[in-house]
Amino acid sequence: MPELPEVETVRRGLAPYLTGARIAAVALNRADLRFAFPADLATALVGETVTGVGRRAKYLLIALSSGETVLSHLGMTGAYRFAFGGPAEPTRHHRVPGGHDHMVWSLVHPDHGAFDLIYSDTRRFGFIDLLSDPAENPYLAGLGPEPLSNAFDAPYLAARLAGRKAPIKTALLDQRIIAGLGNIYVCEVLYRAHILPTVPAGDLVAGDGRPKPPLEDLVAAIRAVLAEAIAAGGSTLRDFRAADGERGYFQHSFTVYDREGEPCLTPGCRGTIARIVQSGRSSFFCPVCQKSAE
DNA sequence: ACTTTGACCTGTGCGC
DNA sequence: TGCGCACAGGTCAAAG
């Protein structure tokens, strides 16, 4: 589910409790998620101390005192929650018999005491791996720049989009071009930048290879929308200890995503939000105030 | 080399 | 109420 802002929110919720905690035990309730758990996962974790919780794109990176790193991707329905003493409350995906709590870390933190960290994942599109060298990992090596970093700007994006005939919607979902955007935020940033999702990506680049004004707007929109979403997620962190982190995913209200048939919220625009399917994914947009590149 | 499609899973909500 | 179908925020392999 989680796109960059949601994963960042999870990271911020986990970091204060995991950093400095010692892993006393690890339970795996099945052999695989999307991929098999590494054979030595539990033994590699037990006895180690967490030295930090990072994020790259939509991946969580949990660093261990051994020097190894746990890579965790939440897929569509992955979620972490804590259980401090007593039986853990099931997640809302857990009402059906069987449940979806696939991995449980038992941790001891010098300040927070003993607690469990539970990973649940209904659809099991998530996965967990153990990396000795994150920089060399194929999952991470091919990722494009972080959209909130200095490495991401309009000239960069222009260079990557020049000549591409694929719709801008599809290009922005390509993690090799820009890391961390998913279907919701791509819809949102294109809406904010007033660009139709169907525009051929290369149309946003001028003949000399420089970004056209709409592409400058798009870069600004990407930064603004993500920053706002992270800020909104941060406001839910107060509850992270008791909740499952899932709440934050949807707390944020969207301006175009999933609003088919509703009025466009752009000031002065009288359009109605439409929905089309691109690359098998829903695109929501306003056919009035979102335009092709001039 | 490029893009699109199907596959992986389970759950929910809608129309009939 | 029940049933079937469409759909869901991600990614990868395979097919075009």
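Below, chains carry the letters A, B, ... as their sequence lines are ordered, and counting in each starts from 1.
Straight-line distance between the C1' atoms of B:dG11 and C:dC12: roughly 23 Å, to the nearest whole Å. Remark: the separation of the P atoms in C:dC7 and B:dG6 is 13 Å, to the nearest Å.
Rounded to an integer number of Å, the gap from CG of A:Asn137 to P of C:dC12 is 10 Å. Atom pair A:Leu173:CG and B:dT5:C1' shows a separation of 15 Å (rounding to whole Å applied). Spacing between atom CZ of A:Phe127 and atom P of C:dA13 amounts to 10 Å, rounded to whole angstrom units. Atom-to-atom, CG of A:Asp101 to P of B:dT10 comes out at 15 Å; the value is rounded to the nearest Å. In this structure, A:Leu4 places its CG atom 11 Å from P of C:dT11, rounding to the nearest Å. Atom CD1 of A:Ile177 is separated from atom P of B:dT3 by 8 Å (rounded to the nearest Å). Atoms CD (A:Glu260) and P (C:dA8) sit 10 Å apart, rounded to a whole Å. Between the CG atom of A:Asp174 and the P atom of B:dA1 there is a distance of 15 Å, given to the nearest Å.
Between the side chains of A:Tyr59 and A:Arg55, no donor N or O sits under 3.5 Å from an acceptor N or O. Side-chain contact check for A:Ser65 and A:Glu48: at least one donor-acceptor pair (N or O, by modelled atom type) lies under 3.5 Å. Checking A:Ser72 against A:Tyr80 by side-chain atom types alone, a donor-acceptor pair falls below 3.5 Å. Side-chain polar atoms of A:Glu188 and A:Thr255 form a donor-acceptor pair below 3.5 angstrom.
Checking the phosphate oxygens (OP1, OP2) of C:dG10, no side-chain nitrogen or oxygen of A:Gln175 falls inside 4.0 Å. Between A:Ser282 and C:dC7 there is no side-chain N or O to OP1 or OP2 distance below 4.0 Å. Proximity of A:His100 to the phosphate of B:dG11: a side-chain N or O atom is located under 4.0 Å from OP1 or OP2. Residue A:His73 places at least one side-chain N or O closer than 4.0 Å to OP1 or OP2 of C:dT11. Considering only side-chain N and O atoms, A:Arg164 lies under 4.0 angstrom from the phosphate OP1 or OP2 of B:dT3.
Closest to the side chain of A:Phe35, from the set C:dG10, B:dG11, C:dC12, is C:dC12. In the set B:dC9, C:dT11, B:dT4, C:dT11 carries the atom at the smallest distance from any side-chain atom of A:Arg281. Between B:dG11, C:dG10, B:dT4, one nucleotide has an atom nearer to the side chain of A:Thr122 than all others, and that is B:dG11. Comparing C:dC12, C:dG10, B:dT5 against the side chain of A:Met76 picks out C:dG10 as the nearest.
A donor-acceptor contact under 3.5 Å is not formed by the side chain of A:Arg124 with the base of B:dT10. In the interface, the side chain of A:Arg123 is paired with the base of B:dC9 through a donor and an acceptor atom under 3.5 Å apart.
Aromatic ring pairs are classed by plane angle as parallel below 30°, tilted from 30° to 60° and perpendicular above 60°; the pair A:Tyr139 and A:Phe127 is tilted.
Residue ring and nucleobase are not stacked for A:Phe125 and C:dT11 under a centre distance beneath 5.5 angstrom and an angle between planes beneath 30°.
Residue A:Arg275 is classed as a sugar-phosphate contact, given heavy-atom separations below 4.0 Å to backbone atoms only. Among the heavy atoms of the strands, none lies under 4.0 Å from A:Gly280.
Within the shown strands, nothing qualifies as a pairing partner of B:dC9 under the Watson-Crick or G-U definition with both distances less than 3.5 Å.
Using a 4.0 Å cut-off between charged side-chain N and carboxylate O, A:Asp174 and A:Arg164 make a salt bridge.
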